[in-house]
Q: 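Would you mind keeping the following structure in view while I ask a few things?
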Amino acid sequence: MLRIMWGNAFLLSALYLLVGVVVEVALRYFPSLFLQRLSLSLDSLPARALELMGAMEPLRTAYFNGRIPEYAVRLVFGLTTVAVIFLLALVVGTVMGTLRHLLSRRRGV
C-alpha cells in the first residue's frame, strides 16, 4: 500500500512538472494569452506555498535585484511544486488508507 502511495505521489508530481515544462516551452515559441494564463495558474501553487513559508519575498527580491537568473526561479518553483504535490498525495493516500483499514476492520474483513 505504501509503495502505491509513493508511486502515485511521484507520478502526479512528475506529470505536473511535465505540464509546466510543456507550457513554458510553448509560451516561448507560441506566445498567447491562453498560455500566459495557464502559466500563471501553474505558478500560483508554488508561489503560495513559498509565501506561506516566508520564502517568496526573498526570492522575489533576489530576482528583481539580478542576484538570481530566471531559470533559478523556475527551478525553485518546480521543486516546490513537486514537493507540495508529493506531500498532498501522501496525505490523501494516508487518509484514504486509514479509512479503508478502519472500514475493513469494522466489517470484520
Side-chain angles (χ1 to χ4, degrees):
M1 169 108 143
L2 186 60
R3 187 178 302 164
I4 292 171
M5 283 190 324
W6 281 94
N8 288 343
F10 177 76
L11 182 63
L12 190 57
S13 298
L15 184 62
Y16 192 93
L17 192 57
L18 178 66
V19 168
V21 168
V22 168
V23 168
E24 287 302 317
V25 169
L27 191 57
R28 298 248 184 228
Y29 292 105
F30 310 105
S32 70
L33 186 58
F34 170 75
L35 289 175
Q36 286 175 343
R37 287 183 178 164
L38 186 57
S39 177
L40 285 174
S41 68
L42 289 171
D43 285 346
S44 69
L45 175 68
R48 290 184 190 217
L50 289 169
E51 201 168 299
L52 285 172
M53 294 183 338
M56 188 61 188
E57 193 55 43
L59 182 65
R60 183 182 293 129
T61 302
Y63 175 70
F64 285 123
N65 289 339
R67 291 189 310 228
I68 59 172
E70 183 180 353
Y71 74 85
V73 174
R74 287 280 165 214
L75 182 62
V76 169
F77 269 44
L79 292 174
T80 303
T81 301
V82 168
V84 167
I85 290 176
F86 196 82
L87 288 173
L88 284 173
L90 283 177
V91 167
V92 169
T94 301
V95 168
M96 296 304 291
T98 302
L99 288 174
R100 176 193 242 171
H101 177 73
L102 290 173
L103 288 174
S104 68
R105 282 184 56 196
R106 188 174 181 199
R107 285 187 279 166
V109 176

Q: Going by salt bridge (charged side-chain N to carboxylate O under 4.0 Å, His left out), name the pairs with one or both residues in residues 79-91, residues two or more places apart or in two chains.
A: none
Q: Identify, with sequence neighbours excluded, every residue that meets side chain to side chain contact (heavy atoms under 4.5 Å, CB included) alongside Val22.
A: Leu18
Q: Is there a path of hydrophobic side-chain contacts, each under 4.5 Å between heavy atoms of I/L/V/M/F/W/Y residues, joining Tyr71 to Leu79?
A: no
Q: Rounded to the nearest 0.5 Å, what's the gap from CG on Leu59 to CZ on Phe64? Could you check?
A: 10.0 Å
Q: What I'd like to find out is whether the side chain of Val23 reaches to under 4.5 Å of the side chain of Gln36, using heavy atoms alone.
A: no
Q: Would you say Tyr16's side chain and Leu42's backbone share a donor-acceptor pair under 3.5 angstrom?
A: yes
Q: Could you check whether any side-chain heavy atom of Leu45 comes within less than 4.5 Å of a side-chain heavy atom of Thr80, counting everything from C-beta outward?
A: no
Q: Mind checking whether Ile85 and Leu15 sit in one hydrophobic cluster, side chains of I, L, V, M, F, W, Y counted as touching below 4.5 Å?
A: no
Q: Which Ile, Leu, Val, Met, Phe, Trp or Tyr residues join Leu33 in one cluster when any pair of side-chain heavy atoms under 4.5 Å counts as a link?
A: none
Q: Kindly write out the residues that satisfy side-chain hydrogen bond (donor to acceptor under 3.5 Å, both in side chains) with Glu24, not counting sequence neighbours, or none if the list is empty.
A: Ser39
Q: Checking Arg28 now: which residues fulfil salt bridge (Lys or Arg N to Asp or Glu O under 4.0 Å) with it, not counting sequence neighbours?
A: Glu70
Q: If hydrophobic clusters are built by linking Ile, Leu, Val, Met, Phe, Trp and Tyr wherever their side-chain heavy atoms come under 4.5 Å apart, do Leu75 and Val84 end up in the same one?
A: no
Q: Between side-chain atoms of residues 48-58 and protein atoms elsewhere (two or more places apart, or another chain), which donor-acceptor pairs fall under 3.5 Å?
A:
from: Glu57; atom 1: OE1; to: Arg60; atom 2: NH1; distance (Å): 2.7

